[in-house]
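Below is one structure, written out as structure tokens, with a few remarks after it.
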2 protein chains.
Amino acid sequence: MSMHLAKVSEDTIFRSCDHDYKVTCDTCRLNRICIPLALNAKDLEQLEKIVQHTKPMQKNELLYRENTPFQSIYAVRSGAIKAFRTTNDGREQVTGFYFPGEILGMDGISEDRHASSARALETAAICAIPFNALEKLSSTMPNLQRHLFQLMSREITEDQLLITLLSKNSADERVATLLLSISRRNARRHLSATHFRLPMSRVDIGNYLGLTVETISRVFSRMQKAGTLRVDNKEIEIMDYEALHHGANLSN
Amino acid sequence: MSMHLAKVSEDTIFRSCDHDYKVTCDTCRLNRICIPLALNAKDLEQLEKIVQHTKPMQKNELLYRENTPFQSIYAVRSGAIKAFRTTNDGREQVTGFYFPGEILGMDGISEDRHASSARALETAAICAIPFNALEKLSSTMPNLQRHLFQLMSREITEDQLLITLLSKNSADERVATLLLSISRRNARRHLSATHFRLPMSRVDIGNYLGLTVETISRVFSRMQKAGTLRVDNKEIEIMDYEALHHGANLSN
DNA sequence: CGCCAGTTTGATTTGTGTCAATAAGCGTGG
DNA sequence: CCACGCTTATTGACACAAATCAAACTGGCG
């Protein structure tokens, strides 16, 4: 397990273990980066009434499937999820990776059925939040409503970043950008920004970045030779953060 | 002007001229594909109170600029708009084209400043909808709230389609897909699905599709030679819809 | 221990980019 | 209305990054 904590923030207390599904939003160690961050204690109580803590998912298990009825959005509590859609010729397009504290499934709202599928990349604990109930709740909680709009808006801007990445950047730049993104998201959860384990395969990385497995592998090798990374299968150590950042060639 | 109407739907009456900015949502000929579609007469009155009908935009005029404070989302009433973000090395990434009845600017919600810029591709009439007011309104109108969530969700799924297109499809497939998209959106507005004028330049098309101008030009030439299209500068006639659809190689 | 999926590395091909030159539109002003 | 100049579009020749094809290696799991 690669969940060694790098730094413990002064105002965050880690109370619950990763896959415990009896945890409440109130006590969840992610409540400062997940939906609860927008709510006061009273509202949080209301939210907790509708959030469902399902049992842990096994690796490769499907959370939801494209074109099935949309009921809930999902918050990752532990583990990692990949979202993907299937093209008409049967290939898969990975549209995103989701880590603890992040929300997925919002693409299902517009047509009332999921526009993508989601699969656990490793053992994972997930909170399901029934959308109808959430919607009703948000009518009475301006903060929650605003937060939901913001979450969806953020999903849009992140998709736009990926579009730009796919459209304008070289293989090396794309890989560097993904690694930086994972590094940042780890840091936000007080995990190491420089040493982590990739939960996804090379195939998934390539698929996400619009590249082949072979190219991903070669980029990793090149970066290792250049001294930017140390790569040991899925274990990544960023040796030269500056170089990686420069190699990403991206604002933000 | 290329706004010849192909077919007039039985339940849609075209009351107002394109660039008239005194039109109300109530009488706007787009009210069946824009925000009003979700509202009853009473709610519509409320909406109209907050919608601002600004004066027509000239070609190349900016509607909003990246990183400026976010105030409103915008509905296109006539003309066409391109949205784009600027990469850190100064290049432009076109993230979308917006036609009458379509909403843009929702990427600004998450950070309270615009994540992209928007520029008129031709003379255009725009409605500005102040977001704070819209938000407040939507707390009291479940239909409106739902509709806004759906609009944002649709933006997400459309970005995912573009991601897939950029990641998996050839130059020919990308161009075919864009033409089909424009064709469908024209049809929705009761304009010709087979004969239309592209409001954007080849540069913009290439930029949007992650290709160079030269490639766009070559693809058009190829498709013309194959008898799929007739291309006369920005004027496009789809001669073989089946072939184009097949060439797009995309579900949906 | 042995198998199979995942990963790495090498040789070759190919689609699209780049560079360059010409042609066609389009707005401006005489 | 035409002439001019500038922007946009087309077409060709060549270069190159990443895909493809192929083969060997690794590691995790039954």
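If you're wondering where the values come from, they're calculated on a predicted model, not measured in any experiment.
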**OP:** Answer yes or no: does a side-chain N or O of B:Lys234 lie under 4.0 Å from OP1 or OP2 of D:dT8?
**Re:** no
**OP:** Determine: side-chain N/O of A:Ser221 to OP1/OP2 of C:dT9, distance under 4.0 Å, yes or no.
**Re:** yes
Distance, rounded to the nearest Å, where [X] contributes [atom1] and [N] contributes [atom2]:
X: A:Glu235; N: C:dT7; atom1: CD; atom2: P; answer: 14 Å
X: B:Ile216; N: C:dT16; atom1: CD1; atom2: P; answer: 10 Å
X: B:Ile205; N: D:dA9; atom1: CD1; atom2: P; answer: 8 Å
X: A:Arg197; N: D:dG27; atom1: CZ; atom2: P; answer: 13 Å
X: B:Leu198; N: D:dT10; atom1: CG; atom2: P; answer: 10 Å
X: B:Ile236; N: D:dA9; atom1: CD1; atom2: P; answer: 11 Å
X: B:Asn233; N: D:dT7; atom1: CG; atom2: P; answer: 17 Å
X: B:Phe220; N: C:dA24; atom1: CZ; atom2: P; answer: 19 Å

Subject >> Salt bridge flag under 4.0 Å for residues A:Lys168 and B:Glu92 >> reply: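 Judged by the 4.0 Å cut-off on N to carboxylate O distance, A:Lys168 and B:Glu92 do not form a salt bridge.
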Original post:
Does the distance from a Lys or Arg side-chain N to an Asp or Glu carboxylate O, for B:Arg154 and A:Glu111, drop under 4.0 Å?
Top reply: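 Salt bridge: yes.
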Original post:
Any sub-3.5 Å donor-acceptor pair from A:Thr194's side-chain atoms to A:Ile238's backbone N or O?
Top reply: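 Pair absent, no side-chain N/O of A:Thr194 close to backbone of A:Ile238.
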Subject >> Expected output: side-chain A:Ser183 to main-chain A:Leu179 donor-acceptor under 3.5 Å >> reply: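 No: the side chain of A:Ser183 does not pair with the backbone of A:Leu179.
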**OP:** Show your reasoning for whether side-chain contact (heavy atoms from CB on, under 4.5 Å) applies to B:Met200 and B:Lys82.
**Re:** CA-CA 8 Å; B:Met200 73 292 279; B:Lys82 75 165 172 181; over 6 Å; no
**OP:** Using a 4.0 Å heavy-atom cut-off, write out nucleotides 16-23 of chain D from 5' to 3' as B (base contacted by protein), S (sugar-phosphate only) or - (no contact).
**Re:** --SSBB--
If you look only at distance, which donor and acceptor atoms sit under 3.5 Å apart when one is on a side chain in residues 59-66 of chain B and the other is two or more places apart or in another chain?
unit_1, atom_1, unit_2, atom_2, d
B:Glu61, OE1, B:Gln58, N, 2.8
B:Tyr64, OH, B:Gly105, N, 3.4
B:Glu66, OE1, B:Thr86, N, 2.9

**OP:** Give one of base, sugar-phosphate or nothing for A:Ser217, where a contact means two heavy atoms less than 4.0 Å apart.
**Re:** base
Original post:
Base, sugar-phosphate, or nothing: which does B:Lys59 touch, judged by heavy atoms less than 4.0 Å apart?
Top reply: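 No contact.
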Original post:
How many angstroms lie between CZ in A:Arg119 and CG in A:Asp204, if you round to the nearest 0.5 Å?
Top reply: 9.5 Å
